Amino acid sequence: MRSPQPLRNGGDNSCSPSQPPRFQSTVAEHKLRRFNLLILVFRLASFSFSLAASVFMLTNTRGSDSPHWYHYDTFRFVVAANAIAAVYSMFEMGASVWEISRGATLFPEVLQIWFDFGHDQVLAYLVLSASAAGTAMARTLKEMDTCRASSAFCVQTEIAIALGYVAFVFLGLTSLLTGFRVVCFIINGSRFHL
């Protein structure tokens with residue numbers, strides 16, 4: 001399905017003599033810029049919280065007699081999922097800055113739209129599942145004597161898991177916005193209704 005609008009990513013945007021130039025209001029440009037800035041802010045928040053969750057879990061070592069995060073599979077899953085989400089969010093922040101500054105997507109428009117939406121969905125659910133698994137393990141450790149003997153370990157683990165949940169919220173919000181872009185593309189042939 002061809003887009004009714006001229007190409008935006010490296011294509012020839014010059015209008016032919018038979019087609020008048022397309023009018024685009026400054027109000028629409030400001031809305032587009034605000035929308036892209038909102039996505040960038042959500043990506044920055046998801047990057048910050050997922051990175052913080054990984055760092056909190058990675059630094060959760062007290063001594064040789066205290067439990068370590070890497071002794072538990074679920075806590076390794078929390079670290080890996082949040083680290084992957086942080087790397088992805090950092091890449092997407094760069095793509096958002098590129099799009100805001102240049103007015104074009106990093107990849108071709110169709111690929112960029114589906115890439116963003118699909119990966120936002122997958123990583124949001126990955127972080128949610130890691131946080132849920134970590135919550136179950138933290139509750140199990142509380143029921144055992146582990147948290148009585150080393151409460152600092154359990155508190156820091158719970159903080160890391162909570163940060164993972166917040167990262168999920170921001171990834172979910174970003175996924176809603178990129179879903180809106182997908183719907184606009186399907187209906188209008190462009191990312192935004194301008």
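Since the structure is predicted, the reported quantities are computational estimates derived from the model, not experimental observations.
Val55 and Phe47 fall within the same hydrophobic cluster, where Ile, Leu, Val, Met, Phe, Trp and Tyr residues are linked whenever their side-chain heavy atoms come under 4.5 Å apart, directly or through other members. Hydrophobic cluster membership differs between Val41 and Val97, with clusters built from Ile, Leu, Val, Met, Phe, Trp and Tyr side chains linked at under 4.5 angstrom. With hydrophobic clusters built from ILVMFWY side chains whose heavy atoms lie under 4.5 angstrom apart, Leu176 does not share a cluster with Val122. Residue Val155 is grouped with residue Leu141 when hydrophobic side chains (ILVMFWY) are merged at heavy-atom distances under 4.5 angstrom, including chains of intermediate members. Under the 4.5 Å side-chain contact rule for hydrophobic residues, Leu58 and Ile161 share a cluster.
The number of heavy atoms from other shown groups lying within 6.0 Å of OH (Tyr125) does not exceed 12.
Here CG of Leu177 is found 9.0 Å from CZ of Phe180. Values are rounded to the nearest 0.5 Å. Between the OG1 atom of Thr178 and the CD1 atom of Ile39 there is a distance of 6.5 Å, given to the nearest 0.5 Å. In this structure, CG in Leu123 is found 12.0 Å from CG in Leu128, a value given to the nearest 0.5 Å. Rounded to the nearest 0.5 Å, atoms CZ (Arg33) and CG (Asn36) are 8.5 Å apart. One distance of note links CE of Met137 with OG1 of Thr74; it measures 4.0 Å at 0.5 Å rounding. His119 NE2 to Leu126 CG: the interatomic distance, rounded to the nearest 0.5 Å, is 11.5 Å.
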Decide yes or no on side-chain contact (heavy atoms from CB on, under 4.5 Å) for Phe117 and Gln121, but give the supporting numbers first.
-> CA-CA 6 Å; Phe117 179 67; Gln121 287 279 309; 3.9 Å; yes

Candidate pair Ile113 and Phe107, rule side-chain contact (heavy atoms from CB on, under 4.5 Å), full reasoning = CA-CA 9 Å; Ile113 289 168; Phe107 300 128; over 6 Å; no

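A donor-acceptor contact shorter than 3.5 Å links the side chain of Gln156 to the backbone of Phe56. Using modelled atom types, no side-chain atom of Ser175 and backbone atom of Leu171 make a donor-acceptor pair closer than 3.5 Å.
Checking each of Phe49, Tyr165, Phe170, Phe168 against Val127 for a side chain to side chain contact (heavy atoms under 4.5 Å, CB included) leaves exactly one that passes, namely Phe168.
Asn82 approaches Gly164 most closely through the heavy-atom pair OD1-CA, 3.7 Å. Nearest heavy atom pair, residue Ala138 against residue Phe75, reads N-CZ, 4.3 Å. For the pair Phe153 and Asn60, the tightest heavy-atom approach, listed with the atom from each and the gap, is O-ND2, 3.0 Å.
Within the 4.5 Å cutoff, no side-chain heavy atoms of Val78 are placed close to those of Trp69. Counting heavy atoms from C-beta outward, Leu173 and Val169 have side chains that approach closer than 4.5 Å.
Between Arg181 and Glu99, at least one side-chain nitrogen of the basic residue sits less than 4.0 Å from a carboxylate oxygen of the acidic one, meeting the salt-bridge criterion.
Remark: Ser101 engages no residue in a side-chain contact (heavy atoms from CB on, under 4.5 Å) (not counting sequence neighbours).
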Result block: side-chain N/O donor-acceptor pairs under 3.5 angstrom for residues 83-91, not counting sequence neighbours:
from	atom 1	to	atom 2	distance (Å)
Tyr88	OH	Asp116	O	3.4
Tyr88	OH	Asp120	OD1	2.6
Ser89	OG	Ser46	OG	3.1
Ser89	OG	Ala85	O	2.9

